[in-house]
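Read through the structure below, which is laid out as structure tokens, and then see the notes.
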Amino acid sequence: MGYLAYDNTTMVQRPAVVIIPDYDGIGPYELWRANLLAQLGYAAFVADIYGVAQVQGPALTSAQSSTLDEMYLMDPELLLNRVGSGVAEAQMQAVVMTNATVVIGYCFGAAAILDLAASWPNPITDNVLGVMAFHAAAPPSAEINMTVGNPIRISVQQGFDDPSIPQAEALMTQEMWESVGVKWEWTWYSQTVHAYTEPDLVGANAGSTMAYSATADQRSWQALRFYLLDLFSYVTPQNQYANTTVFDTSSSFA
């Protein structure tokens, strides 16, 4: 289950971008990002990792969120399988090229997709070309011995002042990736804390560990556009660096 957004003026198959939500599941923020990606000519699918019976988005309370987080912390294999199910669901859509998928995630979802990349070789990573993590809650454990030859490209877009990932821990993860030949990139944004892509956090109090940064948000979004062009080798008319045209999108959420 999930939310699918695409340009419905054509049914031609196109690359898929799967979005793994942050800690509160599918909400207006994730739907907005999916629609932005649809406007660039991709099929964007927001994966539902909590299930239709679970309240999600702004209505999810902190207590409910903590319970769900604890469930996944106690059973990381469950989270990995649900992320994999979301990827598979996206690849089944009629408008999707089954061999061209990138998975992105925010916060909690960003940590999940880093673990997805680390799980290769695994059937759930089939046709996943790369992952991009925005303000990840935590990197995969530096003790994970990723398989040499892992072809999944990894990109991390992180605030330098985000307390979620200490720089020393990030370096350990980078060194592990480098040791097994993973192609990776890690961008730090200065004076930037957690959740920097979320406009709802405009005007956060000074010293807050979560705040919007227009500069980091815009630059990481442009980084994603370049990343998709590079990995897919597929230039949608809308993803050229010119004035983009907004198309109607067809969406479904179950």
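Side-chain atoms are counted along with the backbone in the values below, which use heavy atoms only and exclude waters and symmetry mates. This structure is a prediction, so every number in the text was calculated from the model and none was measured.
- Formation of a donor-acceptor pair under 3.5 Å by the Ser65 side chain with backbone atoms of Thr61 is not found in this model.
- Trp186 has its ring centre less than 6.0 Å from the ring centre of Trp188.
- Rounding to the nearest 0.5 Å places CD of Gln174 at 4.0 Å from CH2 of Trp184.
- Remark: aromatic rings of Phe134 and Tyr196 are distant, center separation not under 6.0 Å.
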Please step through side-chain hydrogen bond (donor to acceptor under 3.5 Å, both in side chains) for the pair Gln157 and Tyr189, ending with a clear verdict.
-> CA-CA 8 Å; Gln157 307 289 313; Tyr189 295 97; 2.5 Å; yes
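- Taking CD of Gln222 as the reference point, atom CZ of Arg219 lies at 10.5 Å (rounded to 0.5 Å).
- If you take OG on Ser119 and CG on Asp115, they are separated by 8.0 Å, rounding to the nearest 0.5 Å.
- Under the 3.5 Å distance criterion, the side-chain polar atoms of Tyr6 are left unmatched by any main-chain donor or acceptor of Ala16.
- Under the 4.5 Å side-chain criterion, counting only non-hydrogen atoms from C-beta, Asp161 is not in contact with Thr192.
- Hydrophobic clustering of Ile, Leu, Val, Met, Phe, Trp and Tyr side chains at less than 4.5 Å, counting indirect connections, keeps Val52 apart from Met92.
- Within the 4.5 Å cutoff, the side chain of Met71 has no heavy atoms near those of the Asp75 side chain.
- Within the model, atoms CD of Gln54 and CD1 of Ile49 stand 11.0 Å from one another, a figure rounded to the nearest 0.5 Å.
- Here the side chain of Ser208 pairs no donor or acceptor atom with the backbone of Ala204 at under 3.5 angstrom.
- Under the 4.5 Å side-chain heavy-atom criterion for ILVMFWY residues, a single connected hydrophobic cluster contains both Phe108 and Ile165.
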Under the side-chain contact (heavy atoms from CB on, under 4.5 Å) rule, what do Val95 and Gln13 come out as? Steps first, then yes or no, please.
-> CA-CA 4 Å; Val95 294; Gln13 290 187 327; 5.8 Å; no
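- Leu4 is listed as a side-chain neighbour of Gln93, based on a closest heavy-atom distance under 4.5 Å.
- Between the side chains of Ser164 and His135, no donor-acceptor pair is found at a separation under 3.5 Å.
- Ile104 is not listed as a side-chain neighbour of Val131, based on a closest heavy-atom distance of 4.5 Å or more.
- Between Asp7 and Arg14 there is a side-chain heavy-atom pair separated by less than 4.5 Å.
- In this structure, the side chains of Arg153 and Leu231 come closer than 4.5 Å at one or more pairs of heavy atoms.
- Ring geometry, Tyr72 versus Tyr50: the interplanar angle falls under 30°, so the pair is classed parallel (tilted spans 30 to 60°).
- Side-chain atoms of Thr101 and Gln91 include a donor-acceptor pair closer than 3.5 Å.
- Note that the CZ atom of Arg225 and the CG atom of Leu37 stand 10.0 Å from one another [nearest 0.5 Å].
- No continuous path of ILVMFWY side-chain contacts below 4.5 Å connects Tyr212 to Leu224, so the two sit in separate hydrophobic clusters.
- Using a cut-off of 4.0 Å between Lys/Arg side-chain N and Asp/Glu carboxylate O, Arg33 and Asp217 are scored as salt-bridged.
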CA sep, side-chain torsions, deciding dist, call: Asp69, Tyr23, side-chain contact (heavy atoms from CB on, under 4.5 Å) = CA-CA 7 Å; Asp69 287 352; Tyr23 69 95; 4.3 Å; yes
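- Panel note: side chain Gln191, backbone Gly159; no donor-acceptor pair is recorded below 3.5 Å.
- Under a hydrophobic-cluster definition in which Ile, Leu, Val, Met, Phe, Trp and Tyr are linked whenever side-chain heavy atoms come within less than 4.5 Å, directly or via other members, Leu78 and Val103 are assigned to the same cluster.
- Atom CG of Asp24 is separated from atom OH of Tyr106 by 13.5 Å, given to the nearest 0.5 angstrom.
- The backbone N or O of Phe226 sits nowhere less than 3.5 Å from a side-chain atom of Asp230 that would complete a donor-acceptor pair.
- Between His194 and Asp162, the shortest heavy-atom contact is ND1-OD2, 2.7 Å.
- A salt bridge does not link Arg82 with Asp48: every distance from a Lys NZ or Arg NE/NH1/NH2 to an Asp or Glu carboxylate oxygen is 4.0 Å or more.
- At a cut-off of 3.5 Å, with distance as the only test, no side-chain donor of Thr67 or Glu70 sits close to an acceptor on the other residue.
- Residues Ile19 and Tyr3 are not in side-chain contact: their nearest non-hydrogen atoms beyond the backbone lie 4.5 Å or more apart.
- Gly130 and Tyr227 make their closest contact through CA-OH, 3.6 Å (heavy atoms, listed as atom of the first residue, atom of the second, distance).
- Contact detail for Thr209 and Val193: the closest heavy-atom pair is O-CB, 3.4 Å.
- Scanning all heavy atoms of the two residues, the minimum distance from Ile20 to Ala47 falls at CD1-CB, 3.8 Å.
- Counting only distance, with no hydrogens or angles, the side chain of Gln56 and the backbone of Gly51 share a donor-acceptor pair below 3.5 Å.
- In the model, Glu185 has a side-chain atom that pairs as donor or acceptor with a side-chain atom of Ser155 under 3.5 Å.
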Check the pair Leu60, Leu68 against side-chain contact (heavy atoms from CB on, under 4.5 Å), reporting the backbone distance first and the verdict last.
-> CA-CA 10 Å; Leu60 187 72; Leu68 291 168; 4.2 Å; yes
Take Asn127 and Leu129 through the test side-chain contact (heavy atoms from CB on, under 4.5 Å) and record every step on the way to the result.
-> CA-CA 6 Å; Asn127 300 311; Leu129 305 180; 5.9 Å; no
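- Using a distance-only test at 3.5 Å, with no hydrogens or angles considered, a donor-acceptor pair links the side chain of Asn150 to the main chain of Ala117.
- Pairing each heavy atom of Gly84 with each of Ile124, the nearest pair is CA-CB, 3.8 Å.
- For the pair Thr125 (side chain) and Val128 (backbone), a donor-acceptor distance under 3.5 Å is absent.
- Under a hydrophobic clustering in which Ile, Leu, Val, Met, Phe, Trp and Tyr are joined whenever their side-chain heavy atoms come within less than 4.5 Å, directly or via other members, Ile154 and Leu80 fall into the same cluster.
- Side chains of Val156 and Leu114 form a contact here, defined as non-hydrogen atoms less than 4.5 Å apart.
- Tyr29 and Glu198 share no donor-acceptor pair across their side chains, judged by distance under 3.5 Å alone.
- Considering all non-hydrogen atoms of both residues, Ser220 and Thr197 come closest at OG-CG2, 4.2 Å.
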